[in-house]
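These notes concern the structure reproduced below.
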There are 2 protein chains.
Amino acid sequence: MADRPAGRRIPEATVTRLPLYYRALLECADRGTETVSSERLAELAGMNAAKVRKDLSYLGSYGTRGVGYEVEFLLGRISGELGLTQDWPVVIVGVGNLGQALANYHGFGARGFRVEALVDADPAKVGEQVGELAVESLDDLAEVVAERGIRIAIIATPAPAAQEVAGLLVAAGVASILNFAPTVVSVPDGVSLRKVDLATELQILSFYQAEQGNWSGRKGSKRAPGSSSPVIPEVAS
Amino acid sequence: MADRPAGRRIPEATVTRLPLYYRALLECADRGTETVSSERLAELAGMNAAKVRKDLSYLGSYGTRGVGYEVEFLLGRISGELGLTQDWPVVIVGVGNLGQALANYHGFGARGFRVEALVDADPAKVGEQVGELAVESLDDLAEVVAERGIRIAIIATPAPAAQEVAGLLVAAGVASILNFAPTVVSVPDGVSLRKVDLATELQILSFYQAEQGNWSGRKGSKRAPGSSSPVIPEVAS
DNA sequence: TGGACTTTGTGAACAAGTGCACAAGTCGGT
DNA sequence: ACCGACTTGTGCACTTGTTCACAAAGTCCA
């Protein structure tokens with residue numbers, strides 16, 4: 001059993017769900033559970049069992065029929081796939097409200113990421129202490145990134161600065177960017193970019209809100225995304 | 001021209017993009033542009049023209065061939081669809097790092113939402129002033145929500161509290177929830193839920209990072225999500 | 001050993017989303 | 001009034017994602 005995953009291509013949709021399974025499995029491990037069925041895992045991750053099985057099957061056949069999946073083993077498998085076997089140093093650019101909150105957010109460290117540097121363009125902020133770190137100058141960005149081997153960056157600047165910062169980051173060698181600025185940022189091929197836009201999320205909710213008002217006769221049960229039955233009308237980010 | 005959109009069902013994927021077009025159109029309006037082509041709009045929103053046209057066509061036929069779309073008119077159409085013609089009052093539950101940052105984030109107000117109340121379970125925080133608002137007690141949640149007609153809530157509590165808070169919110173009459181707590185929250189049918197999970201986003205980036213390391217021969221150009229050419233390898237949240 | 005029961009892994013049907021390509025309008029100039 | 005340039009709206013083919021449903025594989029107990 002369990003042949004290597006070989007050159008199996010993992011679908012995009014599955015990749016976005018692996019972190020969910022990972023989190024669910026961590027919970028299991030904490031409670032000392034040794035094995036989980038796809039059904040239980042689905043429940044913990046807010047998903048359905050069939051999807052869980054198919055997703056996991058892309059990693060290889062690591063379950064045991066009649067029993068389920070071995071929690072520790074699967075954790076190892078997923079963290080390997082997600083590249084969480086090492087801690088990734090991360091730089092946050094833009095130390096405003098959001099940047100500071102992210103810097104102090106301790107959910108990162110627990111999950112394979114370590115905020116290693118804070119950078120801001122405002123000279124007044126440079127030198128300021130935030131948590132354990134001192135804010136550094138945007139001018140030193142390239143140096144900071146290179147010296148500490150940073151490959152992942154978070155942009156938390158105002159919108160107008162985001163594109164320029166992204167350019168600097170890419171030039172400095174960053175390969176993955178998480179953008180919180182409410183604007184479109186484009187990066188060259190080979191660089192990954194994801195965005196989180198708070199206003200956008202609220203607007204999407206607002207749409208369904210408004211829709212509900214218009215009781216012009218939609219199928220009442222159809223919730224926003226990927227909802228089923230009473231379980232998890234949760235929308236994938 | 002321009003028949004009413006009738007009972008046209010707008011696809012989920014399109015809904016998540018409407019806020020992007022909205023933002024792009026606001027930019028156009030600011031610059032005084034009167035009309036935009038689908039191509040220009042695509043560029044501003046980080047999308048491709050065909051998708052823009054198809055998306056907009058779900059709202060009705062509001063473009064003019066040979067010319068493009070009238071900016072002001074389309075803005076009105078989209079804001080109507082997204083329910084942004086009114087300002088929605090929002091409550092933030094959980095006034096930690098993130099909650100405070102969100103409370104002070106002024107990107108909301110500009111886009112149809114108004115943080116109207118801050119609530120926390122910690123008695124030490126209740127009464128504290130954050131920006132213009134005083135933190136209120138979780139015990140008063142139902143009252144706060146009811147009195148101010150709040151229908152949208154943001155959960156920014158630690159993970160363990162999230163599910164309980166969601167329950168309270170729903171009981172109080174909230175119909176849409178944006179969850180920042182890194183845990184699965186489930187809500188009854190009829191309530192919309194979206195989540196934003198920072199660690200998850202980073203882990204997804206990490207996957208592609210790791211993948212790049214394994215130069216075992218993937219098609220080099222395939223970036224994370226929806227990327228094309230040099231333009232916008234941006235991933236939809 | 002055998003038989004009842006559980007749970008995986010996956011083929012195949014279905015559903016949703018994307019992108020191409022082009023007919024059908026619209027405009028401005030002559 | 002006509003022509004050429006431009007841009008929308010959409011049918012269609014294709015890709016991606018989801019769900020069902022069931023054989024295969026394993027456990028447990030007598």
Side-chain angles (χ1 to χ4, degrees), chain A residues 1-3 5-6 8-18 21 34-43 45-71 73-74 77 219 222 224-229 231-232 234-236, chain B residues 1-3 5-6 8-18 21 34-43 45-71 73-74 77 219 222 224-229 231-232 234-236:
Chain A
M1 69 199 92
D3 30 327
R8 199 103 73 147
R9 171 90 89 273
I10 301 180
E12 174 62 26
T14 297
V15 172
T16 65
R17 284 188 296 257
L18 288 181
Y21 302 143
E34 308 240 313
T35 61
V36 264
S37 65
S38 58
E39 186 139 15
R40 178 89 183 101
L41 194 48
E43 190 184 336
M47 200 94 315
N48 67 68
K51 212 187 283 185
V52 169
R53 289 202 299 277
K54 182 143 283 189
D55 282 343
L56 294 182
S57 80
Y58 290 116
L59 308 181
S61 295
Y62 296 122
T64 309
R65 299 174 188 221
V67 178
Y69 301 88
E70 202 187 323
V71 174
F73 183 76
L74 197 52
R77 208 56 208 71
K219 289 195 306 178
K222 243 314 187 201
S227 97
S228 64
S229 290
V231 202
I232 305 149
E234 190 144 353
V235 180
Chain B
M1 67 198 91
D3 31 327
R8 199 101 76 147
R9 170 87 91 275
I10 301 180
E12 175 61 24
T14 296
V15 172
T16 66
R17 284 188 298 258
L18 288 181
Y21 302 143
E34 307 240 311
T35 62
V36 264
S37 66
S38 58
E39 187 138 16
R40 178 87 183 103
L41 194 48
E43 192 185 335
M47 200 94 314
N48 68 66
K51 213 187 282 183
V52 170
R53 288 201 298 276
K54 184 148 286 189
D55 283 342
L56 294 182
S57 80
Y58 291 115
L59 308 183
S61 295
Y62 296 123
T64 309
R65 299 176 187 217
V67 178
Y69 301 88
E70 202 186 325
V71 174
F73 184 76
L74 197 51
R77 208 56 208 70
K219 289 195 306 179
K222 243 319 191 197
S227 96
S228 65
S229 291
V231 202
I232 306 148
E234 189 144 351
V235 181

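Values reported hereafter were calculated over all heavy atoms of this structure, with side chains retained and with hydrogens, waters and symmetry mates removed. All of these numbers come straight from a predicted model, not from anything done at the bench. Letters A, B, ... mirror the listed sequences (proteins, then strands); counts begin at 1.
- Partners of B:Arg53 according to the salt bridge (Lys or Arg N to Asp or Glu O under 4.0 Å) rule, which considers only residues two or more places apart in sequence or in another chain, do not exist here.
- Here C:dT18 is the nucleotide among D:dT18, C:dT18, D:dG17 with the atom lying nearest to any side-chain atom of B:Lys54.
- The shortest distance between side-chain heavy atoms of A:Glu43 and A:Arg40 falls below 4.5 Å.
- When side chains are defined from C-beta on, B:Tyr62 does not count as touching B:Leu56, because their heavy atoms never get closer than 4.5 Å.
- Taking 4.0 angstrom as the limit, A:Lys51 places none of its side-chain polar atoms (N or O) nearer than this to OP1 or OP2 of D:dG17.
- Rounded to whole Å, the distance from CG on B:Asn48 to P on C:dC20 is 7 Å.
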Item to complete: Indicate for each nucleotide in nucleotides 3-8 of chain C, in 5' to 3' sequence, whether protein heavy atoms under 4.0 Å reach the base (B), only the sugar-phosphate (S), or nothing (-).
Response: ---BBB
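- Residue A:Arg17 is classed as a sugar-phosphate contact, given heavy-atom separations below 4.0 Å to backbone atoms only.
- Rounding to whole angstrom units, OH of residue A:Tyr58 and P of C:dG11 are separated by 10 Å.
- Atom CD in B:Glu70 sits about 15 Å away from atom C1' in C:dT26, given to the nearest Å.
- Which of D:dT19, C:dT10, C:dG17 sits closest to the side chain of B:Ala13 comes down to C:dG17.
- Atom CD in A:Glu12 sits about 16 Å away from atom C1' in D:dT18, given to the nearest Å.
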